[in-house]
Structures are given as structure tokens and as C-alpha cells.
Chemist: 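The structure that follows is given in the form of C-alpha cells.
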Amino acid sequence: MSQRFYSTQPIEGEAVVVDGPEAHHLLHVMRATAGTEVVLFDGHGAEYAARVSQTGRSEVRLDVLLRREVNRESPIALTLGVALPKGDRQRWLVEKATELGVTRLAPLITAHGVAQPETKTLDKLRRAVIEASKQCGRNRLMEIGEAETVEAFLQNTTADERLIAHPDPTSNVRPLLSGDVSTVVAAIGPEGGFSDEELQAAGAAGWTPVSLGPRILRVETAALSLAAIVGLTAWKA
């Protein structure tokens, strides 16, 4: 199987020029030369068979051989609102959420949050989305939104199902996703949990509290567990 590379520019003609990190990967990791064949995608849903026609110091020109419509997206559009964990756990969360088919990740600013989602951090995480998409075969990139307060997220987000994770053995996520659902939004708090005021705001806005069991889960574990449940529900439908 040919290696996959991302084009920051829409692929529209018979040739495309790749630069930046993708050109570096082609030139210095893959050692691509004229005639090397790869698969390109630009995040708009299709993928393209392409052949290197010319290499330079920092860019690669490729001829587009074939366009293929390949949809590997989940039938349920899932947005995860997440109070990001610390350090390398952020990248791991983003990689796995991409693999699980999450549509959008919204970084939340919460009362008990331990990591503030700064612009530089979010840019690095968007690059991690590209790398994960190359690996797992997605042709549309998971969106990472700008940081927003949990209050704004709770008030302004709409979906068929709006779920807020909260440890409670009497509330289980699975029955909530058994109906005709095409969009789901789930909010996952920091390690200290959502504050009482945040939970009250969610209730007032009509969000449904859900539990993933009696154990206290880390942020990334809870987020990916919900993503996996939604994904399995989508493919069984």
C-alpha cells in the first residue's frame, strides 16, 4: 500500500506541489525520487494516486494520476468537548480520537482545568490530526476548534444528543444512543471533574448526564470510551 501524504492546498488540477513537513517527509524520510508513487489527500473527502515528477530542496511536485472518492467517516458526527489533560496525553488523545472517527474536538476552559489550551498547543495538535489521518486512512481531518469556556460550549452547541460525562452509577450511556441519531456532542471535564455550577448550567441547558461506570477515569480514557461507544453504535445502525 502506498504511503499517504497531506496536501495543504486543494487538489484540483493534474499536478500538485507539496511543501512544509510533508515535503520533508517525502524527501528526507521516504527518500522519494522521480517516479515514486504515493497517495495524497487534502481533507475534503477524496484521495488521489500520485507520482513524484520533480524534487527540490523543500518541495515536491507530483502528477495526479487518479481521484478516488473514499469515505471512511462515521455515520454519526461526534463532537467531543474536552478539558485537555497535561503534556503528551493531549497528543495521544487527539491521535486516538482521529482514529475513532471523531468529527470535531472542542478544547474547554473549565473551573478545575489543569492545562490551558493555548494557540501554540492547538496548532501542534492540529498537526497530530494530520499524522493520525495519514496512518488511519481518513480523508477528512478532525477539526480542533478554538478554546472556549464550558459555559459557552454548553449554551451554544446543538445536536440530536448532548451528553455530559459525570460519575453516577444510575446513568449509563448506551441506552441513550439506541434511537435515530446522526449528531452527538459529549462534554468531558478535567481530572477534578466539572464544578457544581458547570453541572447545573448543563442541566439548565438540557444536557443529559452519563456515566461510564463506577470508576474514576482519566480525561482521555473517558473521552475515547465515549467515542468508541458512539462509533460502535454508528456502524451497527
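Quick note: numbers below take in every heavy atom, side chains included, and nothing from hydrogens, waters or symmetry partners. Note that the structure is a prediction, hence the values are computed from the model and not measured.
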Chemist: Using the rule that Ile, Leu, Val, Met, Phe, Trp and Tyr join whenever any side-chain heavy atoms are under 4.5 Å apart, tell me whether V18 and V39 fall into a single cluster.
Modeler: no
Chemist: Are any of the side-chain nitrogens in R126 or D123 under 4.0 Å away from the carboxylate oxygens of its partner?
Modeler: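 Here R126 pairs with D123 in a salt bridge, since their nearest N and O are under 4.0 Å apart.
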Chemist: Please check: side-chain N/O of E59 versus main-chain N/O of G56, any donor-acceptor pairing under 3.5 Å?
Modeler: no
Chemist: Measure the CD-CE distance between Q3 and M30 for me, rounded to the nearest 0.5 Å.
Modeler: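 Output value for this atom pair is 4.5 Å.
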Chemist: Mind listing the closest non-hydrogen atom pair of A227 and L78 along with its distance?
Modeler: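 Nearest heavy atoms, A227 then L78: CA-CD2, 3.6 Å.
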Chemist: Does the side chain of T55 come within less than 4.5 Å of T33's, by heavy atoms?
Modeler: no
Chemist: Can you measure from CG (L26) to OG1 (T36) and round to the nearest 0.5 angstrom?
Modeler: 8.0 Å
Chemist: If every non-hydrogen atom of S74 is compared with every non-hydrogen atom of G101, which pair is closest and at what distance?
Modeler: CB-O, 4.3 Å
Chemist: Can you get from I109 to I144 by hopping between Ile, Leu, Val, Met, Phe, Trp and Tyr side chains that sit under 4.5 Å apart?
Modeler: no
Chemist: To the nearest 0.5 Å, tell me how far L141 CG sits from T103 OG1.
Modeler: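 The distance works out to 12.0 Å.
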Chemist: Looking at E37 and A50, would you say the former's side chain and the latter's main chain have a donor-acceptor pair under 3.5 Å?
Modeler: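 Checked: no pair found.
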Chemist: Can you tell me how far apart CG (L80) and CD1 (I188) are? Round to the nearest 0.5 Å.
Modeler: 5.0 Å
Chemist: Quick check: do R67 and I11 have side-chain heavy atoms less than 4.5 Å from each other?
Modeler: no
Chemist: Going only through I, L, V, M, F, W and Y residues with side-chain contacts under 4.5 Å, is there a path from V129 to W92?
Modeler: yes
Chemist: Is D88 atom CG crowded by more than 12 heavy atoms from other residues, nucleotides or ligands, each under 6.0 Å away?
Modeler: no
Chemist: Listed by chain and number, what are the salt bridge (charged side-chain N to carboxylate O under 4.0 Å, His left out) partners of E220, not counting sequence neighbours?
Modeler: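 Testing E220 for salt bridge (charged side-chain N to carboxylate O under 4.0 Å, His left out), a comparison that skips the adjacent residues, returns R89.
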Chemist: If I compare all heavy atoms of A186 with all of L226, which pair ends up nearest, and what's the gap?
Modeler: CB-CD1, 3.9 Å
Chemist: For the pair D160 (side chain) and T183 (backbone), establish whether a donor and an acceptor sit closer than 3.5 Å, ignoring hydrogens and angles.
Modeler: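 Yes, because the side chain of D160 sits within donor-acceptor range (under 3.5 Å) of the backbone of T183.
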Chemist: Over all heavy atoms of both residues, which pair between A34 and S53 is shortest? Give the atoms and the distance, please.
Modeler: CB-O, 4.0 Å
Chemist: Does a side-chain heavy-atom distance below 4.5 Å link P21 with R127?
Modeler: yes
Chemist: Out of curiosity, I229 CD1 to L100 CG, how far, rounded to the nearest 0.5 Å?
Modeler: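 I229 CD1 to L100 CG: 11.0 Å, rounded to 0.5 Å.
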Chemist: A side-chain contact here means heavy atoms from C-beta on lying under 4.5 Å apart; do E197 and E151 qualify?
Modeler: no
Chemist: Find out whether E191 and V219 are in side-chain contact, i.e. whether some heavy atom of one side chain is under 4.5 Å from a heavy atom of the other.
Modeler: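 A side-chain contact under 4.5 Å exists here.
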Chemist: Just wondering, do L212 and T221 contact through their side chains at under 4.5 Å, heavy atoms?
Modeler: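 No, every pair of side-chain atoms sits at 4.5 Å or beyond.
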Chemist: V102 and M142: which non-hydrogen atoms are nearest, and at how many Å?
Modeler: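 Closest heavy-atom pair between V102 and M142: O-CG, 3.2 Å.
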Chemist: Can you give me the closest heavy-atom contact between A15 and D63, atom names plus distance?
Modeler: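 Residues A15 and D63, closest heavy atoms: CB-OD1, 4.2 Å.
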Chemist: Sort and list the pairs that fulfil ring pair (Phe, Tyr, Trp, His ring centres under 6.0 Å) and have at least one residue in residues 27-69, not counting sequence neighbours.
Modeler: Y6-F41, H24-H28
Chemist: Does the side chain of E73 come within less than 4.5 Å of R138's, by heavy atoms?
Modeler: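 R138 vs E73: side chains touch.
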Chemist: Does a salt bridge link R140 with E69, judged by any charged N lying under 4.0 Å from a carboxylate O?
Modeler: no
Chemist: Examine I76 and L105 and state if one hydrophobic cluster contains both, with Ile, Leu, Val, Met, Phe, Trp and Tyr joined whenever side-chain heavy atoms are less than 4.5 Å apart.
Modeler: yes
Chemist: Apply side-chain contact (heavy atoms from CB on, under 4.5 Å) to L84 and L125, showing your working.
Modeler: CA-CA 11 Å; L84 294 176; L125 294 179; 4.1 Å; yes
Chemist: Which distance, rounded to the nearest 0.5 Å, do you find between the CG of L122 and the CD of Q90?
Modeler: 8.0 Å
Chemist: R4 and salt bridge (charged side-chain N to carboxylate O under 4.0 Å, His left out): which single residue from E22, E47, E131 fits?
Modeler: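 For R4, the salt bridge (charged side-chain N to carboxylate O under 4.0 Å, His left out) check succeeds only for E47.
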Chemist: Other than L199, what residues sit in its cluster of Ile, Leu, Val, Met, Phe, Trp and Tyr side chains whose heavy atoms are under 4.5 Å apart, directly or through others?
Modeler: L108, V150, F153, L154, I164, V185, F194, W207
